[in-house]
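Okay, so here's the structure we're looking at.
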Amino acid sequence: MHPLYIQNSLSRKKELFEPLNAPHVGMYVCGPTVYSNVHLGNVRTFLSFDVIYRYLEFIGYKVRYVRNITDVGHLVGDADEGEDKIGKIARLQKIEPMEVVQKYTNDFHDVMRVFNILSPSIEPTATGHIIEQISSIEKIMENGYAYEVNGSVYFSVRKFSEDYPYGELSGRKIDELMNNTRDLDGQSEKQDPLDFALWKKADDSHLMRWPSPWGIGFPGWHLECSVMSTKYLGEEFDIHGGGMDLKFPHHECEIAQNIGANKTPNPVKYWIHGNMLTVNGRKMAKSEGNGFTPEELITGNHKLLERGYSPMTVRFFMLMGHYASTLDFSNDALQAAEKGLTKLNNAVEALGKLQGASEDNNDIDIKALSDKCFAAMNDDFNTPILIASLFDGVKTINSAADGRIELGEGQIEDLKKLYSGFMIDVLGLVSEGSERAEGSEDLSSNLLDLLVELRADAKEKKDWSSADRIRNTLSEMGITIKDSKEGSSWSHE
RNA sequence: GGUCCGAUGGCCGAGUGGCUAGGCUCUGCUCUGCAAAAGCAGCUACAGCGGUUCGAAUCCGCUUCGGACCUCCA
């Protein structure tokens, strides 16, 4: 097994990855709250963890990957004082909350599929775990870290912090938090502004409601992640991921709840946080009005976009940056990524057609290239370095394809394995545009082969105008003809 | 206001005490009927000012600028 190093948000250090129960790995990632369409910033986080998941599996771990759907409890506006986000949409549109949930869950799944982001092993929902959440609240109360007020239950941060550290993950100190907390107009039932809701009483206007020992109500936002991660991964598990913006308060509260319920001092061994996608240096967010949906990106139907970009181009663009760094969106960067990906794909295609010699070329070291690829990923999933290494190999492949150098049969096999492993299995970059119907595909490809033959005849007779006419007309249809010593080939974009 | 992070060549974006990141763009060359593709070469940067060091873009300090979090946010 390769030694893998992960930047742990909790310790702020790069640490050797040692799972609690190798080869099994438990990984939990905070999923979306399904009250609106996901935007590209959301996609970036799920993509980052998709690659992490893929790589862990690639190097032999058996990963149980849990990514939740938040379908209740996430409130609008002020913490613990606003309306439920999903309930609000349901009220405004006069539909059932579960219709809202279904609609945006479907949208989320569609988007994940488009970007070739793998499904998690388990995708639990908050509403599916109300009973577990209630019993978790009871445990926290028994341990003395929560109190009931008027049908609602709150977590007592101050009480908790007497026994365990609070704020370690986000680097906050209780006293500083106290000083910086806004007044809540004296309307709050909370004993302390830092406290957060575990269970909220539902008044008659509330659409989402469940019975509990404290009356009719609904669970607080942070609770579901604590409960579902514990249920499916255990009281202590390996990796917890999510966007940087969830560090505080969400993840901090999660830790407090886990410890508060189970008294396990270290519920999560490695915390991983993905950084934000930015537009003109600012975080992409709905409130900024600078977010766009994957559909807008693909069609190019948005004022920030010069034109549309394919999902794999976007995927590649995002992987050219490291997950822990902010990544700035721009048309230029997308276009650069598009060209780069084409170059990579062309090389992989050329690799498939290479004829090997019986003896290896001693000037070329495939093993060294492979080692570089693994080393890149083992260093905190450094996809930009991995991609740079793959481009190094592109030169070798193209040189061989052009007949400038010769590779051994075994070397070609190793390269094929390397590229299918890292490009498809790890980076998830599949080729696009091959979804056309089988029958028409055969027909048009036969027709194209014929045209290429006719053009070869024309070239033979030095009838350049006919040859160029075929090439130019096809080019207008999006088909590119490439001439080489071995003959001509065509490709469709 | 508090906490934290960042500032890299025309653009994007890695790296990090001494070794070419890579991609895109641009220029030139090779190949080629031309073109495309490909290959080769060039453009050789680390915000500013001090300090540590044989040596710093990389460590330390200060300054300037930007961002994130402290409300909901992936």
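Because the structure is a prediction, the values reported are computed rather than measured. Order of the sequence lines sets the chain letters (A, B, ...), proteins ahead of strands, with each chain counted from 1. For the numbers below, each heavy atom of this structure counts, side chains included, while hydrogens, waters and symmetry mates do not.
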Measure [atom1]/[X] against [atom2]/[N] and give the value in whole Å, please.
X	N	atom1	atom2	answer
A:N398	B:C31	CG	P	19 Å
A:D379	B:A21	CG	P	18 Å
A:H322	B:A21	NE2	P	19 Å
A:R172	B:C70	CZ	P	7 Å

Which one, [options], comes nearest to the side chain of [X]?
X	options	value
A:K459	B:G22, B:A74, B:G33	B:G33
A:F46	B:A21, B:G33, B:A74	B:A74
A:L246	B:G67, B:C34, B:A74	B:A74
A:F248	B:A68, B:A14, B:C70	B:C70
A:K343	B:C70, B:C34, B:C24	B:C24
A:K482	B:C70, B:A14, B:A37	B:A37
A:H39	B:A21, B:A74, B:G67	B:A74
A:M276	B:A74, B:C34, B:A38	B:A74

Does [N] have a Watson-Crick or wobble mate here (both distances under 3.5 Å), and if so which one?
N	answer
B:G39	B:C29
B:C11	B:G23
B:A56	none
B:C4	B:G67

Contact class for [X] (heavy atom, under 4.0 Å): base, sugar-phosphate, or nothing?
X	value
A:G274	nothing
A:M244	nothing
A:K395	sugar-phosphate
A:L341	nothing
A:I481	base

Are any of [X]'s side-chain N or O atoms less than 4.0 Å away from OP1 or OP2 of [N]?
X	N	answer
A:S325	B:A14	yes
A:K339	B:U25	yes
A:K286	B:A74	no

Problem - RNA chain B contacts made by residues 464-476 of chain A, counting heavy atoms under 4.0 Å - result: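 Per residue number, the list reads A:W464, A:D468, A:R471.
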
Decide yes or no for [X] and [Y]: does some side-chain heavy atom of the first lie under 4.5 Å from some side-chain heavy atom of the second?
X	Y	answer
A:V348	A:I397	no
A:K459	A:S488	yes
A:P384	A:L386	no

Problem - Residue mapping more 5' on RNA chain B - nearest nucleotide basis, A:N42 or A:R404 - result: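 With A:R404 and A:N42 compared, the 5'-side residue is A:R404.
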
Problem - Of A:D328 and A:F391, the one whose closest RNA chain B nucleotide lies more 5' - result: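 Looking at the nearest nucleotide for each, A:D328 comes out on the 5' side.
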
Handout entry: Working for side chain to side chain donor-acceptor pair (under 3.5 Å), residues A:D380 and A:Q7
Key = CA-CA 6 Å; A:D380 197 27; A:Q7 177 70 29; over 6 Å; no

Problem - Lys/Arg-Asp/Glu bridge criterion (N-O < 4.0 Å) met for A:E83, A:K88 - result: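 No, this pair does not count.
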
Handout entry: Nearest-Å distance once atom P is located in both B:C26 and B:A35
Key =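 Roughly 16 Å separates the two P atoms.
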
Practice task
Assign the ring pair A:F248 / A:Y166 to parallel, tilted or perpendicular, where the plane angle (0 to 90°) is split at 30° and 60°.
Solution key: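 The arrangement is perpendicular - the two ring planes meet at more than 60°.
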
Which atoms of nucleotides 5-11 of chain B (N or O only) lie under 3.5 Å from a protein N or O atom, and what are those distances?
none

